Q: 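Handing you a structure now.
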Amino acid sequence: MAYFSSQLRRSWQASCHLFFGVPVAMAAFLGCFAVPIGVFFTLFVIGAPAWPEIVRILRRFAGYERVRAGGWLGKPIPELYLPLDGSPSDRVRLALTDPGTWRDALWLPFATVSIFGFSAVVLVLWPLTLLVDGTAAAVRRSLERRDTAPFDPAPEPPRAMLLPVFEVLADAQARWTAALLKPSASTKLGQRVAELSESRAGAMEAHSAELRRIERDLHDGVQAQLVALSMRIGLARQQVRNDPDAATEWLDEAQEEIDATLAALRGIVRTVHPPVLTDRGLAGAVRTLAVSADIPVEMNLAAVENGHRLPAAVEAAVYFVIAECLTNIRKHSGATQASVRFTRADGSLQVVVTDNGRGGAEEHGGSGLLGIRRRVAALDGTTEITSPPGGPTRMKVELPCGS
């Protein structure tokens with residue numbers, strides 16, 4: 001009887017899932033009238049201000065059914081909408097042109113028919129199920145008690161004939177909902193194109209900011225140093241005959257200025273493409289960064305130390321990500337230890353940088369973390385940052401590397 005008890009419980013859960021959908025079906029039935037009326041008045045401008053709010057309600061309603069059906073199926077049903085932002089006219093336009101709006105509107109009549117239909121079938125089927133499967137279970141139980149000897153092996157449990165049908169009906173209704181409400185392939189492609197366009201725009205903005213920084217460093221740093229150097233050499237030329245000692249002093253200062261200018265130029269070159277990447281590879285470059293971090297850095301570099309070199313763009317991006325993270329850790333976190341770990345699988349490279357600092361790192365305009373996200377997104381990568389107050393801070397970057 002344990003089998004029947006278990007099957008009866010699952011069938012009752014499936015029935016409850018369908019019956020709890022009846023209020024959804026009733027609301028969907030009302031929505032079948034509300035949406036066309038809203039569109040009608042929107043086209044005549046009278047109801048335009050209310051249309052975005054109607055769409056928001058429709059999205060919440062469909063989102064509830066996504067959660068309900070996804071919970072039954074054991075996997076979430078994704079949703080994809082255009083944000084209803086901007087001016088009132090922009091919100092109306094987005095609400096009218098969003099494919100998700102019309103996907104939800106198309107789901108309303110199907111939800112009404114399917115939920116009412118499946119619920120009606122369940123309501124009719126339960127008495128018949130209790131009669132058929134209940135009678136079969138009772139007969140089988142009485143035969144077992146009469147015919148089974150004390151040491152005979154236990155007989156196989158009887159199979160229910162109608163109870164499994166309720167699970168099949170609940171599965172069918174949930175899968176139908178998922179098929180109607182999940183984004184289409186073309187919508188996903190459009191969203192992906194929009195994300196790539198946004199990441200490309202962010203990368204271009206970051207690139208422009210980087211060029212402006214290099215220009216500012218050259219203008220305010222190297223150029224000023226070269227002007228000072230030229231003046232010192234000119235003064236030395238004037239004093240070389242009359243006061244050789246003064247000329248020598250000016251030339252010594254010029255030599256120091258040359259060394260400082262070369263150091264500044266090397267620093268600027270390193271921010272464009274660090275020579276250490278070319279000379280030592282990514283593993284060697286990361287070790288160099290760890291040595292200059294002023295705190296112990298635990299490293300796991302096996303994924304980038306043994307094997308083929310990564311694409312130059314990926315190596316440069318990873319180098320600058322780790323450099324920015326270690327700089328932030330040294331300046332702001334108060335950490336006493338950090339770690340850098342690489343893993344490489346399925347054509348992607350994962351980099352995880354953690355520290356035991358105070359946490360609370362935030363992304364905001366002009367921050368290094370925002371620059372990291374933009375740099376990674378430009379290479380079709382992803383960035384995850386977790387930094388609760390009190391720490392620890394963890395940054396995970398994943399980049400496609402082709403091997």
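Just so it is clear, the model here is predicted, and its values are computed rather than measured.
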Q: When rounded to the nearest 0.5 angstrom, what distance separates CG in Leu326 from CD1 in Ile295?
A: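 Answer rounded to 0.5 Å: 7.0 Å.
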
Q: Starting from the C-alpha separation in whole Å, work towards a yes-or-no answer on side-chain contact (heavy atoms from CB on, under 4.5 Å) for Val351 and Ile322.
A: CA-CA 9 Å; Val351 187; Ile322 296 175; 4.1 Å; yes

Q: Hey, is the main chain of Leu301 close enough, under 3.5 Å, to the side chain of Arg341 for a donor-acceptor pair?
A: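 No.
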
Q: Under a 3.5 Å distance rule, please check whether Arg394 uses its side chain to pair with a backbone N or O of Thr386 as donor and acceptor.
A: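 Not a single qualifying donor-acceptor pair exists.
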
Q: When you compare the side chain of Trp72 with that of Val67, does any pair of heavy atoms fall below 4.5 Å?
A: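 Of all side-chain heavy-atom pairs linking Trp72 with Val67, none is under 4.5 Å.
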
Q: Contact between Thr112 and Cys32 at the side-chain level, heavy atoms closer than 4.5 Å - yes or no?
A: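 A side-chain contact exists here, since the closest heavy-atom pair is under 4.5 Å.
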
Q: State, to 0.1 Å, how close Leu282 and Glu315 come at their nearest heavy-atom pair, and which atoms those are.
A: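 Looking at all heavy atoms of both residues, the shortest contact is CD1-O, 3.8 Å.
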
Q: Which heavy-atom pair separates Trp51 from Val35 by the least distance, and what is that distance?
A: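 Residues Trp51 and Val35, closest heavy atoms: CZ3-O, 3.9 Å.
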
Q: Rounded to the nearest 0.5 Å, what's the gap from CZ on Arg330 to OG on Ser292? Could you check?
A: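 Those atoms lie 6.5 Å apart.
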
Q: Could you check if a side-chain atom of Glu65 sits within less than 4.5 angstrom of a side-chain atom of Ile115, using non-hydrogen atoms only?
A: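 Yes. Closest side-chain heavy atoms under 4.5 Å.
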
Q: Can you confirm whether more than 12 heavy atoms, excluding those of Phe29, are under 6.0 Å from its CZ atom?
A: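 It does not: Phe29 CZ has 12 such atoms or fewer within range.
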
Q: Should we count CZ of Phe20 as having more than 12 external heavy atoms under 6.0 Å?
A: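 No.
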
Q: Do Val304 and Leu349 come close enough that some side-chain heavy atom pair is under 4.5 Å?
A: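 In contact.
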
Q: Check whether any side-chain heavy atom of Pro52 sits under 4.5 Å from a side-chain heavy atom of Val92, and report yes or no.
A: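 Yes, side chains in contact.
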
Q: Quick one: CG on Leu399 to CG on Leu310, what's the gap to the nearest 0.5 Å?
A: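 Those atoms lie 9.0 Å apart.
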
Q: Go through Glu79 and Leu181 one step at a time and tell me if the side-chain contact (heavy atoms from CB on, under 4.5 Å) criterion holds.
A: CA-CA 8 Å; Glu79 65 177 27; Leu181 289 180; over 6 Å; no

Q: Please confirm whether Trp12 and Phe166 have ring centers closer than 6.0 angstrom.
A: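 Ring centroids of Trp12 and Phe166 are no less than 6.0 Å from each other.
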
Q: With a 4.5 Å limit on heavy-atom distance, are the side chains of Ile329 and Thr327 in contact?
A: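 Counting from C-beta outward, Ile329 and Thr327 never come under 4.5 Å.
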
Q: Which atoms form the tightest heavy-atom contact between Ala95 and Thr101, and what is the distance?
A: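 Closest approach of Ala95 to Thr101, heavy atoms only: O-OG1, 3.1 Å.
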
Q: Any idea which heavy atoms bring Gly31 and Pro36 closest together, and the distance?
A: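 In terms of heavy atoms, the two residues are closest at O-CD, 4.0 Å.
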
Q: If only atom types and distance count, is the side chain of Arg68 paired as donor or acceptor with the main-chain N or O of His17 below 3.5 Å?
A: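 Yes; at least one donor-acceptor contact below 3.5 Å.
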
Q: Is it true that Asp104 and Arg60 make a salt bridge, defined as a side-chain N closer than 4.0 Å to a carboxylate O?
A: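 Judged by the 4.0 Å cut-off on N to carboxylate O distance, Asp104 and Arg60 do not form a salt bridge.
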
Q: Examine distances only and state if a side-chain atom of Arg373 and a backbone atom of Thr383 form a donor-acceptor pair shorter than 3.5 Å.
A: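 Pair found, side chain donor or acceptor close to backbone of Thr383.
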
Q: Stepwise, does the side chain to side chain donor-acceptor pair (under 3.5 Å) test hold for Thr336 with Asn356?
A: CA-CA 7 Å; Thr336 58; Asn356 63 350; 2.9 Å; yes

Q: Output the distance between atom CD (Glu398) and atom NZ (Lys396), rounded to the nearest 0.5 Å.
A: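 It is 6.0 Å, given to the nearest 0.5 Å.
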
Q: In terms of heavy-atom contacts, does CZ of Phe116 have more than 12 from other residues, nucleotides or ligands at under 6.0 Å?
A: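 More than 12 heavy atoms, drawn from other residues, nucleotides or ligands, come within 6.0 Å of this atom.
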
Q: Starting from the C-alpha separation in whole Å, work towards a yes-or-no answer on side-chain contact (heavy atoms from CB on, under 4.5 Å) for Met26 and Val22.
A: CA-CA 6 Å; Met26 297 173 63; Val22 172; 4.2 Å; yes

Q: Determine, step by step, whether Phe61 and Leu108 satisfy the side-chain contact (heavy atoms from CB on, under 4.5 Å) criterion, reporting the C-alpha distance in whole Å, the side-chain angles of both residues, the deciding distance to 0.1 Å, and the verdict.
A: CA-CA 10 Å; Phe61 180 44; Leu108 291 174; 3.8 Å; yes

Q: Taking all non-hydrogen atoms of both residues, which atom of Tyr81 and which atom of Ala62 are closest, and how far apart?
A: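 The answer is OH-CB, 4.1 Å.
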
Q: Could you tell me if the side chain of Ser87 sits less than 4.5 Å from the side chain of Asp90, heavy atoms only?
A: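 Yes, side chains in contact.
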
Q: Compare all side-chain heavy atoms of Gln337 with those of Glu298 and state whether any distance is below 4.5 angstrom.
A: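 A side-chain contact under 4.5 Å exists here.
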
Q: Roughly how far apart are Phe320 CZ and Ile372 CD1, rounded to 0.5 Å?
A: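 CD1 of Ile372 is found 11.5 Å from CZ of Phe320.
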
Q: Which atom pair, heavy atoms only, marks the closest approach of Asp355 to Pro392?
A: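 Minimum heavy-atom separation between Asp355 and Pro392: O-CB, 3.1 Å.
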
Q: Between Thr288 (side chain only) and Gly284 (backbone N and O only), is there a donor and an acceptor less than 3.5 Å apart?
A: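 At least one qualifying donor-acceptor pair exists.
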
Q: For Glu249, does the CD atom have more than 12 heavy-atom neighbours from other residues, nucleotides or ligands under 6.0 Å away?
A: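 No, because the 6.0 Å sphere around CD of Glu249 holds 12 heavy atoms or fewer from other groups.
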
Q: Just one of Arg103, Arg59, Arg56 clears the salt bridge (charged side-chain N to carboxylate O under 4.0 Å, His left out) bar with Asp98, so which one?
A: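 In the set Arg103, Arg59, Arg56, the residue that makes a salt bridge (charged side-chain N to carboxylate O under 4.0 Å, His left out) with Asp98 is Arg59.
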
Q: Using the six-membered ring wherever Trp is involved, compare the ring planes of Phe118 and Trp176 and label them parallel, tilted or perpendicular (cut-offs 30° and 60°).
A: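 Geometry flag for Trp176 against Phe118: perpendicular rings.
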
Q: Which distance, rounded to the nearest 0.5 Å, do you find between the CG of Leu96 and the CH2 of Trp102?
A: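 Rounded to the nearest 0.5 Å, the CG-CH2 separation comes to 6.0 Å.
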
